[in-house]
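What follows is a set of notes on a single structure, which appears directly below.
Throughout, numbering of the chain's residues begins at 1 and tracks the sequence.
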Amino acid sequence: MSKNKILVPLDKKSYEVFIESGLLDDIGNQLINLGIKNTRKILIISNKEIADLFGKRILDSLSKNNYSARIFLINPGEAFKNVNTLNQIYDAAYEYGLERGSLMIALGGGIVGDVTGFAAATWLRGIDFIQIPTTLLSMVDSSVGGKTGVNHPKGKNLIGAFHQPKAVYIDPNTLETLPVREFRAGMAEIIKYGIIKDFELFEFLENKENQKQIIDLNNKSLIKIIKKSVETKSDIVAMDEKENGIRAILNYGHSFGHVIENLCGYGEFLHGEAISVGMRIAGDIASDIGLWSKEEALRQNELIKNYGLPIKIPNLKKESIMKILMGDKKVKDGRMRFVLPKKIGEVEIFNNIEEKDFINYFN
Ligand code: GLY
């Protein structure tokens, strides 16, 4: 099993991302292969919807390998990605008697992954955890790279830690039950990898036959695009684990994406939808200041649209936009930092973009 594995090479903390259909029913074996002793207690964190779909299969596979495991459910949605939910996980960890040698498993999308990762990073000053992402977005982005955390009332992901998982298990079969809108939102992150670093992936995504296969959840096509995305993510994280430099290119489209999520209310735009609009805005800035051509910007926008994602800039007030941009983690020494494309497959981080370069896109 698991022909498709990608190493995330990090000093002392290297781990592998496994991509294979059927992995979910083989988790017990996989953990044995990983060297996780079955005397270690496991707390799986998930939400009801995901646990109803996959929880029993995972528990069965673990118990076949003599692991003792329990599932703890958290409320779904961005509104619950907060310290209250974290406290509930700590209570469950205490009650279950999770020790230093115990393990947490995140089973679900990005929110479950981020919260579980942060609970694991902080429980008893840090215990091991495993990521089992079940949404396309978490498969290609949030499950890999060790960013964990929760939101603060003043902003998204303001409380967090870098804590790398011991392994990531991606079973593309879980996408069969993923709502179409969420699947499309995950495609936004995959398109992002094409723009920032992988021209070949971009061209693959553009091909009409491939588009059909992807939307139809053809296994081979899905594994290909997930694998290529994870490879790029792994390369970038290996170069700059703590985001002191190059890792910021993964935030392409995210500055304005966060503004949109924030001002329109989390929920109206899914994360992937907001960053689709964010990529459109970054693309417009880049063509307006002469970094890449109008044609390249249009080509990007066409691809975003082809996967059913939005590019229309919502009606937002200039003052509110600036307030959020200035409060973003991406502001360095009071200056806004933007990732902008130079061509399809290459972006650069710019610290010298001014309000006048984009403010007229808004009301
Ligand atoms: N999602 C961006 C990163 O992991 O750095």
ask   = With sequence neighbours left out, what residues match Arg184 under salt bridge (Lys or Arg N to Asp or Glu O under 4.0 Å)?
value = none
key: Transitive ILVMFWY side-chain link Ile74 to Ile42, under 4.5 Å   = no
query = Are Lys305 and Glu302 close enough for a salt bridge, meaning some N to O gap below 4.0 Å?
reply = yes
query = Between Met139 and Val230, is any pair of side-chain heavy atoms under 4.5 Å apart?
reply = no
message = Please enumerate all residues that pass side chain to side chain donor-acceptor pair (under 3.5 Å) together with Ser142, with sequence neighbours excluded.
response = none
query = With the 4.5 Å side-chain cut-off for hydrophobic clustering, are Leu137 and Ile236 part of the same group?
reply = no
note = Contacts of Asp52 meeting side chain to side chain donor-acceptor pair (under 3.5 Å) (sequence neighbours excluded), chain-then-number -> Lys48
key: Which residues share a salt bridge (Lys or Arg N to Asp or Glu O under 4.0 Å) with Glu176, sequence neighbours left out   = none
message = Tell me if a side-chain donor or acceptor on Gln164 pairs with a main-chain N or O of Gly146 at a distance below 3.5 Å.
response = yes
message = Show every side chain to side chain donor-acceptor pair (under 3.5 Å) that has at least one partner inside residues 98-110, sequence neighbours left out.
response = none
ask   = How long is the span from the CD1 atom in Ile71 to the CD1 atom in Ile50, to the nearest 0.5 Å?
value = 11.5 Å
query = Between Lys212 and Asp216, is there a salt bridge with N-O shorter than 4.0 Å?
reply = yes
ask   = Residues two or more places apart in sequence or in another chain: which of them pass side chain to side chain contact (heavy atoms under 4.5 Å, CB included) with Leu53?
value = Thr177
query = Relative to the ring of His254, is the ring of His258 parallel (under 30°), tilted (30 to 60°) or perpendicular (over 60°)?
reply = perpendicular
message = Checking Phe358 now: which residues fulfil ring pair (Phe, Tyr, Trp, His ring centres under 6.0 Å) with it, not counting sequence neighbours?
response = Phe256, Phe338
request  = Would you please test Asp288 and Tyr361 for side chain to side chain donor-acceptor pair (under 3.5 Å) and show each step?
outcome  = CA-CA 11 Å; Asp288 284 350; Tyr361 305 155; 2.6 Å; yes
message = If we count only N and O atoms by modelled type, under 3.5 Å, do the side chains of Glu243 and Asn251 hold a donor and an acceptor together?
response = yes
message = Pair Ile89, Asn87 - check side chain to side chain contact (heavy atoms under 4.5 Å, CB included), show working.
response = CA-CA 5 Å; Ile89 297 176; Asn87 270 325; over 6 Å; no
inquiry  = Check this for me, if you would: do Lys343 and Glu296 make a salt bridge, where the nitrogen-to-carboxylate-oxygen distance has to be below 4.0 angstrom?
reply    = no
query = Between the main-chain N or O of Leu24 and the side-chain N or O of Asp171, is there a donor-acceptor pair closer than 3.5 Å?
reply = yes
task = Give the cluster check for Phe72 versus Val83: same hydrophobic cluster or not, with ILVMFWY residues linked at side-chain heavy-atom distances below 4.5 Å.
result = yes
ask   = Which of these, Ile105, Leu107, Leu31, sits in a side-chain contact (heavy atoms from CB on, under 4.5 Å) with Tyr169?
value = Leu31
task = Flag yes if more than 12 heavy atoms outside Asp11 fall under 6.0 Å of its CG atom; otherwise flag no.
result = no
task = Could you name each residue pair satisfying salt bridge (charged side-chain N to carboxylate O under 4.0 Å, His left out) that touches residues 306-322, not counting sequence neighbours?
result = none
Within residues 105-132 or reaching into it, pairs that qualify as side chain to side chain donor-acceptor pair (under 3.5 Å) - sequence neighbours excluded = Arg40-Asp128, Lys81-Asp114, Tyr90-Thr122
remark   = Between the OG atom in Ser287 and the CG atom in Asn301, the distance rounded to the nearest 0.5 Å is 8.5 Å
task = Taking atom NZ of Lys166 as the centre, report whether more than 12 heavy atoms of other residues, nucleotides or ligands fall under 6.0 Å from it.
result = no
query = Counting N and O atoms only, with roles assigned by atom type, does the side chain of Asn151 sit under 3.5 Å from a partner on the main chain of Asn82, one being a donor and the other an acceptor?
reply = no
inquiry  = Within this structure, what is the CG-CD1 distance for the pair Asp284 and Ile289, rounded to the nearest 0.5 Å?
reply    = 11.5 Å
request  = Sort and list the pairs that fulfil ring-ring contact (aromatic ring centres under 6.0 Å, His included) and have at least one residue in residues 42-65, not counting sequence neighbours.
outcome  = none
request  = For residues Leu7 and Ser234, determine if any side-chain heavy atom of one lies less than 4.5 Å from a side-chain heavy atom of the other.
outcome  = no
task = Would you name the heavy atoms of Pro310 and Phe269 that are closest together and state the gap between them?
result = CG-CE2, 4.4 Å
ask   = If Ile, Leu, Val, Met, Phe, Trp and Tyr residues are connected whenever their side-chain heavy atoms lie under 4.5 Å apart, and connections chain through other members, are Ile44 and Tyr94 in the same group?
value = no
message = Please enumerate all residues that pass salt bridge (Lys or Arg N to Asp or Glu O under 4.0 Å) together with Asp235, with sequence neighbours excluded.
response = none
request  = Report the distance from atom CZ of Arg280 to atom CD1 of Ile313, rounding to the nearest 0.5 Å.
outcome  = 4.0 Å
key: Contact check, side chains of Lys64 and Asn29, non-hydrogen atoms, under 4.5 Å   = no
ask   = Within the side chain of Asp240, is there an N or O that forms a donor-acceptor pair under 3.5 Å with the backbone of Ile246?
value = yes
inquiry  = With a 6.0 Å cut-off (strictly less than), is the heavy-atom count around CD of Glu49, excluding the residue itself, greater than 12?
reply    = no
query = Does any non-hydrogen side-chain atom of Val277 lie less than 4.5 Å from one of Ile311?
reply = no
request  = Answer yes or no on whether Lys233 is positioned over the face of Tyr193, meaning its NZ or CZ is under 6.0 Å from the six-membered ring centre and within 45° of the axis.
outcome  = no
ask   = For the atom pair CZ (Arg299) and CD (Glu295), what is the distance rounded to the nearest 0.5 Å?
value = 11.0 Å
message = For Lys5 and Glu20: C-alpha separation, side-chain torsions, deciding distance, then whether salt bridge (Lys or Arg N to Asp or Glu O under 4.0 Å) applies.
response = CA-CA 9 Å; Lys5 56 178 187 181; Glu20 196 72 39; over 6 Å; no
ask   = Mind checking whether Leu23 and Phe129 sit in one hydrophobic cluster, side chains of I, L, V, M, F, W, Y counted as touching below 4.5 Å?
value = no
Set of residues satisfying side chain to side chain contact (heavy atoms under 4.5 Å, CB included) with respect to Lys220, sequence neighbours excluded = Asn218
ask   = Taking it one step at a time, do Leu303 and Leu205 satisfy side chain to side chain contact (heavy atoms under 4.5 Å, CB included)?
value = CA-CA 8 Å; Leu303 188 62; Leu205 296 174; 4.0 Å; yes
note = Separation between NZ (Lys342) and CG (Leu340), nearest 0.5 Å, reads 11.0 Å
key: N-O pairing of Lys192 and Asp198 below 4.0 Å   = no
request  = Show your working on side chain to side chain donor-acceptor pair (under 3.5 Å) between Ser229 and Thr232 and close with a plain yes or no.
outcome  = CA-CA 5 Å; Ser229 302; Thr232 298; over 6 Å; no
request  = State plainly whether the residues Lys12 and Glu241 are in salt-bridge range, i.e. N to O under 4.0 Å.
outcome  = no
key: Option passing side-chain contact (heavy atoms from CB on, under 4.5 Å) with Phe350 (candidates Asp357, Val339, Leu291)   = Leu291
key: Donor-acceptor side-chain pairing of Ser61 and Asp25 below 3.5 angstrom   = no
ask   = Looking at side-chain heavy atoms only, is the closest gap between Gln300 and Trp292 below 4.5 Å?
value = yes
